[in-house]
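Take a look at the structure below.
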Amino acid sequence: MSAVAPHEALFLDEIRRIARETCSPTADEVDREARFPIESVNALREVGALSALVPTAYGGGGADLETVAAACFELGRSCSATAMIFAMHQIQIACIVRHGAGTPFFDDYLTRLATNQLLVASATSEVGVGGDLRASIAAVTPDGDSLVVEKNAPTVSYGSSADDLLLTARRAPDAGSSDQVAVLVSRNEMTLEPSSGWDPLGMRGTCSPGFVVTARFPADHIVPAAFGQIAERTMVPFSHILWAHVWLGIATDAYDRARAFVRGQNEQKGSSAVPTPRLAELAAMLHGMRAEIAAATGEYVGIAQVDDSGVDAFTIGYALRINALKINASELAPRVCAAALGVCGIAGYRNDSRFSIGRHLRDALSAPLMIANDRIHASNATMLLVSKDG
Ligand SMILES: Cc1cc2nc3c(=O)[nH]c(=O)nc-3n(C[C@H](O)[C@H](O)[C@H](O)COP(=O)(O)OP(=O)(O)OC[C@H]3O[C@@H](n4cnc5c(N)ncnc54)[C@H](O)[C@@H]3O)c2cc1C
C-alpha cells in the first residue's frame, strides 16, 4: 500500500481497530446466518467512514481513493461481507461526488450523508440484461409532477438496510437501452418488493436478494452527467479497484492462515522442520496480485487527474486495462484461497478450526461472477477491434 497522509493514517488505524474488534469476531456468524453485519457498519458510521470520500467542504472525510481502497483491504482481511458493503457504498459516493456535486440537491445530499452517515446501495443489474452495466430496460417515466422508475433488480446488496439507492435506468420511455441516467432515491421515495431470497454460497452477509424497485422522485435526483460518462470515469474504475482490494484482503487472510499453520507445524517438529514450497508459491501469487492492484490504482489516480484538467484521458486502452484488473484479481483471489486450503489440509477444510479457509474460498468464488468475467471478456473483444492504445 502507498504512503498516506497523517489524517488518512489515523483513519486507517480506526479501520484496523474496527476490523480487529468488531468485524473479525462476528464474521463467522454473519456468514453462517447470512445476516447484515450491523455492528460493523455501525462501527464504521461512528468514525465517519461512510462519508470518507465526501469532500471536507460538505463535512466529509476528504479521503482519496487510495485510502478508501486500503480500508477495503483491511476490512476484507476480517469480514468479506462488511468489506464488500463498504466498497459498494463508496463506489456510489464516488459517482455522486464526481458527477453530482455542484447542483443544489446533490450538494445538500452530500452534507446530509456526512451528518447522518447514510448508507447507499446500488441497482445497476436488471432482469433481462443481467450484469450489463451499459444497458437498461427500466425507464424514467413522467407521472404528474414526479418521475417514476420501476426496475426488476436481481441482486441489491444490503437493499433492506440501506438508506438510499443509486439506480440506473433509461433516460425516458423512448430512449435506447444504453441512453441511461443514474438516479438517487431515498427509502421514503421507493418501495422494495422482494423477488427472491438470499441463501448463496458466499458473500452471505451482503444480503443481496432481488427486489422490484418502484421509485417516485423529483427530476433533480437524476445525476446530471450521462451515465456513460459516470460509468467510464468513475463507476467502473472505482468498482474494479475497490472490489480488487476486498478480494486481496480475503486472499491475504487465507495466506496468513496458511503461513500460521505451516509455522505451527514446524514449531512442533523442532529441528526436523522442513520448508513448505507450496507456501512460497502462494506468497508469490499473492505478491503478483498485490502488485497488479497497486499499479492499477496508481494508474487511475494519474488518469483522473489528467481528466480533471480537461484532457480526455479515459481511452479505450484504459478501459481494457481496468477490465483486465477485474478479471485477473477475481480469478486470482479464489486460486490463492484454494492454494491456502491445500497448504492447511483438513485444518483448513474444517469450519471449526482457526486455520479454516472455507469462508474465504466461498466468498472469493463470487468475484468472477460479480459482473460476469465472460461478459467483460466479450466487451473487451469488441473494444480490441477499435483500440489504438490497448
Ligand atoms: C455478492 C454479489 C453482490 C452483488 N450486488 C449487486 C448489487 O448490489 N447491485 C447490482 O446491481 N448488482 C449486484 N451484483 C451483480 C449482479 O448480481 C450480477 O452481475 C447480475 O445479476 C448478473 O448476474 P448473472 O451472472 O446471472 O447474469 P449475466 O451477467 O447475464 O450472466 C449470465 C451468464 O451469461 C454469461 N454471459 C453474459 N454475457 C455474456 C457475453 N456477452 N458473452 C459470453 N457470456 C456471457 C455469463 O458469464 C454468465 O455465465 C452482485 C453480485 C454478487 C456476486
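This one's a predicted model, so the numbers in the text were calculated from it and none came from an experiment. For ligands, and for the atoms within them, numbers begin at 1 and follow the listed sequence.
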Kindly identify the option in Ser125, Ala153, Gly128 whose heavy atom sits closest to atom 12 (N) of ligand 1. Ser125
For Met203, atoms of ligand 1 separated by under 4.0 Å from a heavy atom: 1 (C)
Below 3.5 Å, N or O to N or O, backbone or side chain included: is there any such pair between Asp132 and ligand 1? no
Any nitrogen or oxygen of Arg375, side chain or backbone, less than 3.5 Å from one on ligand 1? yes
Tell me the nearest of Ala162, Ala372, Cys207 to atom 31 (O) of ligand 1, using heavy-atom distances. Ala372
Thr382 side-chain N/O to Ala378 backbone N/O, donor-acceptor pair under 3.5 Å: yes
Would you say Val301 ends up clustered with Leu53 if hydrophobic residues are merged whenever their side chains have heavy atoms under 4.5 Å apart, either directly or through other cluster members? yes
side-chain contact (heavy atoms from CB on, under 4.5 Å) with Val185: which of Asp164, Leu167, Thr214? Leu167
Identify, by atom number and element, the atoms of ligand 1 in contact range of Ile371, meaning under 4.0 Å from any of its heavy atoms. 19 (O)
Closest to atom 21 (O) of ligand 1 (heavy atoms only, candidates Leu365, Val127, Thr155, Ile85) is Thr155
I'd like to check which ligand 1 atoms, numbered from 1 as shown, lie under 4.0 Å from a non-hydrogen atom of Pro154. 21 (O)
Salt-bridge criterion met for Arg170 and Asp179 (N-O under 4.0 Å): no
Go through ligand 1 atom by atom and flag the ones less than 4.0 Å from a non-hydrogen atom of Gly131. 19 (O), 20 (C), 22 (C), 28 (P), 29 (O)
Give a yes/no verdict on whether any heavy atom in Ser122 is under 4.0 Å from an atom of ligand 1. yes
Answer yes or no: are there more than 12 heavy-atom neighbours, outside Glu193 itself, under 6.0 Å from its atom CD? no
Nearest protein heavy atom under 4.0 Å from atom 26 (O) of ligand 1, yes or no: no
Measure up the His240 and Trp243 rings against each other and bin them: parallel (under 30°), tilted (30 to 60°), perpendicular (over 60°). tilted
Determine whether any protein heavy atom is located less than 4.0 Å from atom 33 (C) of ligand 1. no
For ligand 1 and Thr124, I'd like to know whether there is a polar contact (N/O to N/O, distance under 3.5 Å). yes
If you count the atoms of ligand 1 from 1 in the order shown, which ones are under 4.0 Å from a heavy atom of Val156? 8 (O)
Just jot down the ligand 1 atoms closer than 4.0 angstrom to any heavy atom of Ala123, in number order. 11 (O)
From CA spacing to verdict: side chain to side chain contact (heavy atoms under 4.5 Å, CB included), Met383, Ser379: CA-CA 6 Å; Met383 286 194 278; Ser379 98; 4.1 Å; yes
Scan residues 196-239 for pairs that pass ring-ring contact (aromatic ring centres under 6.0 Å, His included), counting only residues two or more places apart or in two chains. Phe105-His221, Phe238-Tyr300
Closest by any non-hydrogen atom to atom 4 (C) of ligand 1: pick that one out of Pro368, Ser157, Ala367. Ser157
Which of the atoms in ligand 1, numbered in the order shown and given with their element, are less than 4.0 Å from a heavy-atom of Ala378? 40 (C), 41 (N), 42 (N)
Should we count NE2 of His377 as having more than 12 external heavy atoms under 6.0 Å? yes
Ion pair Glu74/Arg16, N-O distance below 4.0 Å: yes
Can you tell me if Asn188 has over 12 outside heavy atoms packed within less than 6.0 Å of its CG? yes
